Amino acid sequence: MTITDKIPPPAPAAHTTRDGAHWAKPVDRLSAQVVGAGVDSVTGKRVANPLQGFGQMWQKTFRVPLEGSTMSPQEVIVIWKERFATFWPKAGRFYAPLAGIVPGEVALLDISPMPGSPVTLSTGVMVIYADDESFTFISPQGHMFSGWITFSAYRDGDMTVAQVQALERTSDPFDELGLMFGGRRMMETFWRETLGNVARAMGTMEPAVVSEAVCVDKRRQWRQATNVRNSATLRSMRHMLTAPARWITGRS
Amino acid sequence: MNATSVALDRSGPVATMRIAGDITSSSEAELMAAYTQAVDGGAPAIVLDFRGLEYMNSGGIGLLVTLLVRAQRGGIRLLASGLSEHYREILALTRLDEAIEIHEDEAAAIAAVKV
C-alpha cells in the first residue's frame with residue numbers, strides 16, 4: 001500500500017463561499033407565506049431588477065447617525081430585522097414572512113401609491129440577501145419600483161450609522177407619473193420617518209436623517225412600458241372601483 | 001474583508017477585467033477605473049472574469065448593475081466568465097443573467113465576441 005492509498009479521497013467540494021449562506025436561492029416564481037395580509041398579489045410573480053423597470057434609475061440613500069446609542073451595527077440589524085414592521089410609518093403596513101427576514105422569504109405590504117390616494121397598493125418584496133450588518137429586498141413584478149433596497153448599519157468613527165439605500169426605477173409609465181406628482185416626496189418622507197423610528201428605538205433622541213439621490217441612468221426605457229400589465233397600482237385601483245359591483249353581486 | 005483587485009488584459013478587440021477578492025459597495029473605484037480604462041482603450045467588448053471572486057454582497061451586485069447601465073449606454077458588449085455555481089445562482093436570482101452574456105471561461109467569451 002502506498003502512502004497515497006491511505007489518504008481518503010477528497011470530499012465533494014463543500015460550499016465554502018463566504019457569502020454562501022447570505023444569499024437566497026433563485027426562484028422562478030415567488031410564493032408568499034405570511035399571516036394577516038388581505039391581498040396576496042405577489043405569489044406567482046417574478047422578481048424585477050433595476051434594469052427591468054421603466055423610469056429613470058436612481059440610487060437613493062438615507063442615513064442617520066445613531067447619536068447617543070451604544071449599539072453596534074450587528075445589534076442594530078438584529079433589532080431592525082425583528083421589529084421591521086414596527087418601524088414603518090402609518091402610510092404603510094408590512095406583513096413579515098413567517099420565518100422572519102431571512103434569505104428567500106417573501107413579505108407582503110400595503111402602501112399608498114400617492115399622497116391622499118384612496119387606493120391601497122398591495123404588493124410585496126423578497127429577501128434576497130441578509131447578513132449580520134445588512135439585508136436586501138428585491139421587488140416583484142407589479143411593484144411600483146423595479147429594483148432592490150438595502151437596510152444596513154455600519155461604523156463611522158465611534159458612531160453607528162443606520163442606512164437605507166435603494167437602487168430602483170419606477171416599473172411603468174403610470175408609476176413614473178405618480179412619482180412625478182407627489183410620489184417622490186412621499187417616498188422621501190416615508191424612509192425619513194422609518195429611519196427616525198429606527199434611530200429612536202436604538203436610543204437616539206433627536207434623529208438627524210440625511211438623504212442623497214444619484215441618477216444612475218436618466219433614460220426612460222420605453223420597451224419596458226408593457227410592465228403596466230402587471231401593475232399592482234392599476235389592479236388595486238380596479239379592485240376599488242369595482243367594489244360596489246362586487247358588493248351588489250355578492251362576490252368577494 | 002479582502003480588497004478588490006481588477007487587472008486589465010487585452011486580447012484583440014476584447015478587454016478582460018480580471019476581478020479578484022471581494023466585491024462590495026467599497027469596490028466602486030477599482031471597478032469603474034478598470035472599466036473606464038478598457039473603454040478609453042477602444043474595447044467594444046469587455047469580459048468580466050470572475051474566477052478570482054471570493055465574496056459579493058448586495059452592494060457588489062448593485063455595482064454590476066451600474067456597469068451594465070454604463071455599458072448599455074456606451075454601446076459596449078459586456079460578458080461574464082469564470083462564475084462559480086454560487087455566483088451564477090446570484091445572477092439568476094436577481095435576473096441579471098438576462099442582461100449579461102455568461103460563458104464558461106474567458107476563451108469562450110472572447111470567441112463569442114469574435115464570431
Side-chain angles (χ1 to χ4, degrees), chain A residues 13-28 30 46-53 56-59 61 103-104 126-141 146-152 154 163 165-169 214-219 221 223, chain B residues 1-4 19-29 31-32 35 48 50-78 80 82-102:
Chain A
H15 208 318
T16 54
T17 311
R18 278 159 45 225
D19 55 44
H22 301 155
W23 286 95
K25 290 290 176 192
V27 291
D28 185 40
L30 298 174
R46 304 186 73 193
V47 299
N49 70 41
L51 298 170
Q52 293 163 325
Q56 296 178 324
M57 190 189 297
W58 289 87
Q59 180 173 280
T61 308
M126 177 188 184
V127 185
I128 56 166
Y129 182 90
D131 63 22
D132 58 359
E133 292 185 359
S134 69
F135 52 101
T136 301
F137 298 157
I138 193 169
S139 54
Q141 293 171 321
S146 298
W148 48 70
I149 186 161
T150 297
F151 305 85
S152 61
Y154 61 91
Q163 177 175 286
Q165 186 171 66
L167 184 63
E168 63 194 14
R169 288 185 133 109
V214 176
C215 187
V216 179
D217 188 5
K218 63 182 180 185
R219 293 173 311 174
Q221 304 196 117
R223 69 180 186 280
Chain B
M1 285 284 168
N2 297 331
T4 314
I19 298 165
D22 298 356
I23 304 186
T24 67
S25 52
S26 308
S27 314
E28 182 168 10
L31 276 178
M32 296 309 161
Y35 176 83
L48 304 177
F50 288 105
R51 271 178 306 168
L53 179 59
E54 295 172 11
Y55 176 93
M56 181 163 64
N57 65 10
S58 55
I61 205 88
L63 283 183
L64 288 187
V65 168
T66 305
L67 270 185
L68 281 161
V69 167
R70 281 197 180 191
Q72 282 175 1
R73 209 187 298 164
I76 306 290
R77 193 167 161 190
L78 211 56
L83 284 160
S84 68
E85 186 60 29
H86 171 59
Y87 292 114
R88 277 182 185 241
E89 283 185 355
I90 292 174
L91 293 192
L93 166 72
T94 53
R95 294 180 64 194
L96 290 181
D97 59 350
E98 297 172 23
I100 188 167
E101 293 176 48
I102 297 175

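Throughout, protein chains are lettered first and strands after them, A, B, ... in sequence-line order, and every chain is numbered starting at 1. Please read these numbers as outputs of a predicted model, since none were measured by experiment.
Annotation: side chain of A:W148 is in contact with side chain of B:I61 (closest heavy-atom distance under 4.5 Å). A:I138 has its side chain out of reach of B:R95: every pair of non-hydrogen atoms, C-beta onward, lies at least 4.5 Å apart. Within the 4.5 Å cutoff, side-chain heavy atoms of A:L51 are placed close to those of B:L68.
Of all heavy-atom pairs spanning A:D217 and B:R73, the tightest one is CA-NH2, 3.7 Å. Shortest non-hydrogen contact noted between B:M56 and A:Y129 is O-CE1, 4.2 Å. Nearest heavy-atom pair across A:K25 and B:L93 is O-CD1, 3.6 Å. Taking each heavy atom of A:V216 and B:V69 in turn, the nearest pair found is O-CG1, 3.8 Å.
Only the side chain of A:Q221 comes within contact range of chain B, with at least one heavy atom under 4.5 Å from a heavy atom of that chain. For chain A, the nearby part of B:A99 is the side chain; its heavy atoms alone come within less than 4.5 Å. In this structure, chain A has heavy atoms under 4.5 Å from both the backbone and the side chain of B:N2. For B:E85, no part sits under 4.5 Å from any heavy atom of chain A, backbone or side chain. Only the side chain of A:Q52 has a heavy atom closer than 4.5 Å to any heavy atom of chain B. Interface residue A:D131: only side-chain heavy atoms are found under 4.5 Å from chain B.
The greatest number of non-hydrogen atom pairs below 4.5 Å with chain B, out of A:D28, A:V27, A:I128, is found for A:I128. Options A:H22, A:Q59, A:R219 differ in how many heavy-atom pairs under 4.5 Å they form with chain B, and the most are formed by A:R219. Listed options B:D22, B:L91, B:T66 were ranked by heavy-atom pairs under 4.5 angstrom with chain A; first place goes to B:D22.
Judged purely by atom type and a 3.5 angstrom limit, A:D19 has no side-chain atom pairing as donor or acceptor with the backbone of B:N57. Side-chain atoms of A:W23 do not come within 3.5 Å of backbone N or O of B:H86 as any donor-acceptor pair.
Atom CZ of residue A:F137 and atom OG of residue B:S58 lie 11.5 Å apart, to the nearest 0.5 angstrom. The CG atom of A:N49 sits 5.0 Å away from atom CG of B:L96, with the distance rounded to the nearest 0.5 Å.
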